[in-house]
Amino acid sequence: MKRSSSHRLLAHGRSFAAGCVVLLLLAAGVWTSWDTAHHIVLAKGREHGTMVVTACGEDTCTGPFTPDATSADRTSVTVERSVAARTGDRFPVVVKPGSGNVVRTGAPGFLHSWAPLGGALMLAALVIGGGMRLTRTAWGAGIAGAVLLTATFVAL
């Protein structure tokens, strides 16, 4: 049976709408990830050092900052609780400019900063498979997101 032109138009419209949702999900994942990741990726010229976790609240952990070479000592800096395992842990950080907040560096910090993109990839995979009918691409996006989230969990 031959498809009518209106049926093909609806199929293309569905694919276009699903593609727009996928682009929105991935753009939001990159935008959210880049908010933290740019401090790690573009770390040249920023204050680098080591943080020792001394106290944790609900959302953040605090501790002293020991600089590498050219930075000044800070008595207390703050890091997200999700990247600080427990009191007494020591890890490399970079200071966000103009604040007392730090971002964990190294592989764990890098992976953690891109975790929102991993979640966006997994959500986009559902739309790619269901709305666009691209099952192989959907599996690839979903697996890539799951690998990123799993690697982040293992690294932290």
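What you see is a predicted model, and the numbers here were worked out from it, not measured in a lab.
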(request) Determine the minimum heavy-atom distance between Met132 and Ala18, stating which atoms define it. (result) CG-CB, 3.4 Å

(request) Report yes or no: does His38 contribute a side-chain atom to a donor-acceptor pair with the main-chain N or O of Trp34 at less than 3.5 Å? (result) yes

(message) Against Ser113, only a single residue in Thr36, Val41, Val103, Thr152 fulfils side chain to side chain contact (heavy atoms under 4.5 Å, CB included); can you say which?
(response) Thr36

(request) Quick one: pull up CZ in Phe110 and NE2 in His39 and give me the separation to the nearest 0.5 Å. (result) 14.5 Å

(request) Provide the closest heavy-atom pair for Leu149 versus Gly119 in the form atom of the first, atom of the second, distance. (result) CD1-N, 4.0 Å

(message) Could you check whether any side-chain N or O of Thr105 sits under 3.5 Å from a backbone N or O of Pro92, counting only pairs where one atom can act as donor and the other as acceptor?
(response) yes

(message) Main chain of Ala155, side chain of His112: is a donor-acceptor contact present, judged purely on distance under 3.5 Å?
(response) no

(message) Tell me the closest heavy-atom pair linking Val53 and Cys61, and the distance in Å.
(response) CG1-CB, 3.9 Å

(request) Drop me the distance from Thr62's OG1 to Met51's CE, to the nearest 0.5 angstrom. (result) 6.0 Å

(message) If hydrophobic clusters are built from ILVMFWY residues whose side chains come within less than 4.5 Å, do Ile128 and Leu25 share one?
(response) yes

(request) Report whether Val127 and Met122 are members of the same hydrophobic cluster (ILVMFWY, side-chain heavy atoms less than 4.5 Å apart, transitive linking). (result) no

(request) Compare every heavy atom of Ile40 with every heavy atom of Arg104, then report the nearest pair and how far apart it is. (result) O-CD1, 3.3 Å

(message) Minimum heavy-atom separation for Gly88 and Val52, please, with both atom names.
(response) O-CG1, 4.3 Å

(message) Grouping I, L, V, M, F, W and Y whenever their side-chain heavy atoms are under 4.5 Å apart, do Trp114 and Val154 come out in a common cluster?
(response) no

(request) Look at the side chain of Ser33 and the backbone N and O of Leu117, then say whether any donor-acceptor pair between them is shorter than 3.5 Å. (result) yes

(request) Let me know which of Thr32, Val30, Leu148 forms a side chain to side chain contact (heavy atoms under 4.5 Å, CB included) with Pro116. (result) Thr32

(message) For Ala125 versus Gly142, what's the shortest heavy-atom pair and its separation?
(response) CB-N, 3.5 Å

(message) For Gly131, is there any backbone N or O sitting under 3.5 Å from a side-chain donor or acceptor partner on Arg14?
(response) yes

(message) Applying the side chain to side chain contact (heavy atoms under 4.5 Å, CB included) criterion to Glu47, which one of Val77, Val95, Val94 satisfies it?
(response) Val95

(request) State plainly whether one hydrophobic cluster holds both Val21 and Leu26, where clusters connect Ile, Leu, Val, Met, Phe, Trp and Tyr through side-chain heavy atoms under 4.5 angstrom apart. (result) yes

(request) Determine whether Leu111 and Val79 fall in the same hydrophobic cluster, where Ile, Leu, Val, Met, Phe, Trp and Tyr are linked whenever their side-chain heavy atoms lie under 4.5 Å apart. (result) no

(message) So Val147 and Ile143, do their side chains get closer than 4.5 Å, heavy atoms only?
(response) yes

